[in-house]
Structures are given as structure tokens and as C-alpha cells.
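This structure is a prediction, so every number in the text was calculated from the model and none was measured.
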Amino acid sequence: MAGWLLLIWGAIPLAGALRELVAGRGGRHLFLWATLLALAAVGVRLLRAAARRGLTPARLLVLAAVAALFVGLVWSLRDSPEEALHSVQYAVLGTLLFRALDRHPGGLAGYAAAAMAGIGLGIIDELIQWLVPGRTFDYRDLGINGLSAVLALVAVGAVQGYRPVRRRARLRDWRPVLLLAAADLLLLLFCLSNTPELQGRYARLLPAAASLDEVTAEYGHRHVDAVAGVFRSRLDRVELARQDRERVSEVAAILDRYAGEEQYRAFLARYPAHRDPLLVEARVHLFRRDRYAFLADQAKDDTDLRQQYARIAMGENRIMETVFPTVLGHSGYRWPETMRATLATWAGPAAPYQSPVSSELITVAPRSVLQTLVLLLLVPVLWGVLRAGRRER
């Protein structure tokens with residue numbers, strides 16, 4: 001298990017180079033098909049193991065459900081196929097964790113402990129990525145890691161026939177489960193609390209932390225506009241309008257200085273989003289707009305694809321015209337009317353648009369609400385740890 005975990009974490013700094021290598025040799029879609037083939041191989045092995053113990057309808061139903069969920073999970077990542085590898089990595093890790101914990105605590109507690117360990121190691125994986133230059137922390141990947149480990153454990157249970165569960169569990173058997181659950185909740189609490197403000201505080205004690213370009217939690221707003229559609233921002237509409245009006249010369253000059261795709265990476269490296277939200281959000285919307293406008297122009301032989309690309313470009317342009325009108329008007333990014341009309345023709349009738357820009361922002365609830373929910377879960381878990389400890393003595 002330790003070797004497999006070191007392989008997963010050791011590959012984190014190499015992921016970018018591997019992605020570029022595969023993309024150059026055969027295309028990023030190879031990650032997707034490699035993941036599906038690996039899952040199919042694991043599925044065949046599990047079926048053979050289950051057959052040796054007797055294939056009951058219940059086992060087949062559980063294995064089929066797990067297989068369907070894995071395929072659905074992987075297929076949902078087809079736009080980011082390299083991320084699909086997480087499902088294989090943590091499915092294998094989940095089975096290895098079960099083998100390590102089958103004897104102690106064993107029983108149903110063994111499955112639960114393996115699940116809690118898999119979830120916790122998945123969180124640590126994302127925290128390592130937060131610390132590694134060129135990698136990012138992603139709550140979606142955190143969910144993929146944990147879900148993959150849990151699904152693998154469900155499949156293992158179906159193959160094993162849940163025979164370990166039949167042993168009567170003792171309260172002390174659940175203490176490791178509760179300890180692991182408490183560790184998971186504390187890790188999650190840190191992730192949800194690690195905002196730019198908190199990073200600024202601990203950077204005073206750890207100066208190296210000041211060099212981190214990202215944080216694990218940024219809270220923002222999900223805006224719904226009748227013209228612009230749905231978009232996310234770190235700022236509310238009042239603050240967006242104020243900065244667009246008062247910082248127009250400064251922001252427009254920086255945007256013009258970093259015009260073009262060749263300057264885009266340099267721009268992002270110099271201006272982290274949490275330090276200047278208006279500037280960076282505007283630049284990312286413009287990058288996405290111009291990228292899809294270019295793709296629409298290139299898709300001369302595919303009318304449907306051209307329309308799809310043009311709608312994205314027009315959607316991003318409407319956000320710029322509605323939310324950043326002053327900055328757009330004073331920069332070199334404003335489209336000529338002829339270009340706007342051409343893209344509008346390719347796009348066809350206006351359709352509802354939701355921009356993925358700043359999708360990493362937490363908008364489901366304020367920070368205080370999420371922190372309170374985690375703490376409310378942590379209290380009974382810690383009480384259970386203490387109670388199990390007393391019974392053990």
C-alpha cells in the first residue's frame with residue numbers, strides 16, 4: 001500500500017510533463033481510454049473472484065452498479081481526460097487499504113476505516129498539489145479520489161460476500177474509524193478555511209508560504225444576469241461596477257500589456273486571481289472569448305461546431321460588455337462591429353450561457369456556514385472517540 005501511495009504522490013510533479021508527452025504522441029483522449037481499459041481489467045478480475053465464491057444475483061447487481069458509476073464518473077471527465085486517472089489510482093488504493101485493515105479493526109469497521117483512510121489520503125493528495133508549482137487544489141478531484149476509494153470498497157465487499165461483516169463488531173473496533181473520520185474533518189476544515197486572508201497570517205510565521213500563488217478556499221458569488229447569463233466572481237455586482245469605473249485606466253493598460261495568448265501564462269503567473277480579482281477575471285473571460293472566436297473561425301467545414309464555438313465566444317463577450325463595460329471600452333479588446341456581427345451570425349439565436357470562468361469559487365454557502373457544518377460533524381465524532389477509548393480501558 002505504501003508503495004502505491006508513494007507512486008501516486010510522487011507522480012504529482014511529473015503530471016504536466018506526462019500530459020504534454022501523451023498529448024503530443026496520441027492526444028489527451030488516450031488518458032480516457034487507458035482509464036476505461038484499466039477499470040475493465042479490474043472488473044474482469046473482480047468477476048472471476050466473485051465467480052469462485054458463487055455469483056449470486058445480489059453480487060452481480062452490486063458489481064454492475066459499481067461498474068456503471070465508475071464508467072459514468074470517468075465519462076464525465078472526458079473534457080479533462082487526464083483527471084480520469086484519479087479514479088483508477090484511488091480505486092486500487094481503496095482495495096489495498098482494505099487488505100491492510102481487514103484484520104484490525106476488521107469486520108464492518110474495517111471497510112469503514114479503509115473508506116475514511118482513502119478519503120483522507122485523497123485530501124492530502126490535493127493539498128500536495130496545492131504546494132507543488134504548476135498544480136492546483138481542486139474540490140472536484142478531492143471528491144473523485146474519495147468516491148473512487150469508496151466504490152472500490154463496495155465492490156470488494158460484494159466479491160468477499162461481506163463475510164468479515166458477520167463478526168460482531170465491538171465498540172473499540174470503531175475507534176480507528178472515528179479517529180480517521182476526525183482527521184478527515186480536520187483536513188477538510190483546513191481546506192475550507194485556507195483563504196487568502198488566512199494565508200497572509202501564517203505567511204508571517206512561514207515566509208515561504210508567501211510564494212504560494214493559490215489557496216484552497218476562495219469564496220465568491222454566483223451572479224445571474226438577464227443579458228450576461230450566469231457567471232461567478234470574487235466580487236459582488238456593486239464592487240465589480242465600482243472597480244470597473246474607478247480602475248479603468250490601470251486595468252485596461254495592464255490588459256493591453258499582456259495581450260495575446262503568448263502573454264497569457266506570464267500574466268497569470270504575475271497576477272494571482274485572489275490578489276486582484278477584477279483584473280484577472282476580466283483577462284480570463286477575454287482569453288476564453290478570443291480562443292473560441294478563433295476556433296469558430298477555423299471550423300469552416302463544420303457548421304454545428306462553428307455555432308458551438310461562436311456561442312461560447314459571444315457568451316463571454318456579453319459578460320465583458322455587461323460586467324466590465326468601461327474596462328473593455330478603454331482597452332484594445334473591444335471587438336469591431338463587423339467582427340461582432342459575424343460571430344453573432346455564426347452563433348445564431350442567443351442561448352442561455354453559463355461561464356466556467358472562476359468555477360473553483362465556493363458559492364454554495366458562506367465560509368462561516370461551511371465551517372460550522374464541519375464542526376457540528378466533528379463534535380459527535382470526537383465524543384465517539386472518547387467513549388470508545390473509555391470502553392477500551
Side-chain angles (χ1 to χ4, degrees), residues 1 4-5 8-9 35-36 38-43 45-47 49-50 58-77 83-127 129 137-165 169 173-189 191-192 373-374 377-378 380-381 384:
M1 184 200 72
W4 182 253
L5 187 60
I8 294 174
W9 291 351
T35 302
L36 289 173
L39 290 174
V42 172
R45 185 170 180 177
L46 286 173
L47 276 174
R59 283 180 179 175
L60 283 174
L61 182 62
V62 171
L63 290 174
V66 170
L69 288 170
F70 263 122
V71 171
L73 175 64
V74 172
W75 191 249
S76 70
L77 299 170
E83 301 296 336
L85 287 175
H86 285 268
S87 61
V88 175
Q89 291 174 335
Y90 279 84
V92 173
L93 182 62
T95 61
L96 295 175
L97 285 168
F98 170 75
R99 291 178 61 183
L101 298 169
D102 186 26
R103 292 183 177 273
H104 181 74
L108 182 57
Y111 286 96
M116 292 300 103
I119 292 169
L121 292 171
I123 297 174
I124 294 172
D125 184 312
E126 291 304 310
L127 287 173
Q129 293 190 56
F137 178 97
D138 193 331
Y139 284 96
R140 182 192 66 172
D141 290 350
L142 188 153
I144 293 169
N145 297 345
L147 179 60
S148 298
V150 170
L151 287 176
L153 288 165
V154 172
V156 168
V159 172
Q160 296 283 342
Y162 296 98
R163 286 185 297 176
V165 179
D173 292 336
W174 289 91
R175 194 164 190 264
V177 179
L178 294 170
L179 284 169
L180 287 167
D184 291 352
L185 289 170
L186 288 171
L187 285 169
L188 182 59
L189 183 62
C191 295
L192 293 171
L373 288 174
V374 174
L377 290 171
L378 186 60
V381 170

Asker: Supply the atom-to-atom distance L93 CG to L153 CG, rounded to the nearest 0.5 angstrom.
Answerer: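 Separation between the atoms: 9.0 Å.
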Asker: On a heavy-atom basis, which atom in L73 and which in S76 lie closest, and how many Å separate them?
Answerer: O-OG, 2.6 Å
Asker: What pair of heavy atoms forms the shortest contact from F70 to A91, and how long is it?
Answerer: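 Closest pair (atom of F70, atom of A91, distance): CZ-CB, 3.8 Å.
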Asker: Could you grab the distance from atom CD1 of I123 to atom SG of C191, nearest 0.5 Å is fine?
Answerer: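 With rounding to 0.5 Å, CD1 (I123) is 6.0 Å from SG (C191).
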Asker: What do the steps show when you test L147 against Y90 for side chain to side chain contact (heavy atoms under 4.5 Å, CB included), and what is the final call?
Answerer: CA-CA 8 Å; L147 179 60; Y90 279 84; over 6 Å; no
Asker: For A67, which residues count as a side chain to side chain contact (heavy atoms under 4.5 Å, CB included) partner, sequence neighbours excluded?
Answerer: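 Partners of A67 under the side chain to side chain contact (heavy atoms under 4.5 Å, CB included) test: none.
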Asker: Working to the nearest 0.5 angstrom, can you tell me the gap between L96 CG and L101 CG?
Answerer: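 The CG atom of L96 sits 11.0 Å away from the CG atom of L101.
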Asker: Sort out for me which residue in I119, L127, L192, L142 forms a side-chain contact (heavy atoms from CB on, under 4.5 Å) with L187.
Answerer: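 Single pass found, and it is L127.
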Asker: Give me the atom names and distance for the closest heavy-atom approach of G118 to A149.
Answerer: CA-CB, 4.2 Å
Asker: What pairs of residues pass the side chain to side chain donor-acceptor pair (under 3.5 Å) test when at least one of them lies in residues 143-152, not counting sequence neighbours?
Answerer: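 Every side chain to side chain donor-acceptor pair (under 3.5 Å) pair that includes a residue of residues 143-152, provided the two are not neighbours, is H86-N145.
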Asker: Find out whether L186 and V374 are in side-chain contact, i.e. whether some heavy atom of one side chain is under 4.5 Å from a heavy atom of the other.
Answerer: no
Asker: For A115 and V150, work out which heavy atoms get closest and say how close.
Answerer: CB-CG2, 4.1 Å
Asker: Any chance you could measure L377, atom CG, to D184, atom CG, to the nearest 0.5 Å?
Answerer: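 Output value for this atom pair is 11.5 Å.
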Asker: Counting only N and O atoms by type, is there a donor-acceptor contact under 3.5 Å from the side chain of Q129 to the main-chain atoms of F137?
Answerer: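 No: the side chain of Q129 does not pair with the backbone of F137.
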Asker: So do the side chains of L97 and L121 get within less than 4.5 Å of each other, counting heavy atoms only?
Answerer: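 L97 reaches L121 side chain to side chain.
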Asker: Keeping W4 on the side-chain end and Q89 on the backbone end, is there a donor-acceptor pair under 3.5 Å?
Answerer: yes
Asker: Between CH2 of W174 and CG of L108, what distance do you get to the nearest 0.5 Å?
Answerer: 4.0 Å
Asker: At their closest point, which heavy atom of A109 faces which heavy atom of V177, and how far apart are they?
Answerer: O-CG2, 3.3 Å
Asker: Check the pair V66 / L63 against side chain to side chain contact (heavy atoms under 4.5 Å, CB included), numbers first and verdict last.
Answerer: CA-CA 5 Å; V66 170; L63 290 174; 5.6 Å; no
Asker: Working to the nearest 0.5 angstrom, can you tell me the gap between D138 CG and I144 CD1?
Answerer: 7.5 Å
Asker: For A84 and L77, which heavy atoms make the closest approach, and how far apart are they?
Answerer: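 Looking at all heavy atoms of both residues, the shortest contact is CA-CD1, 3.7 Å.
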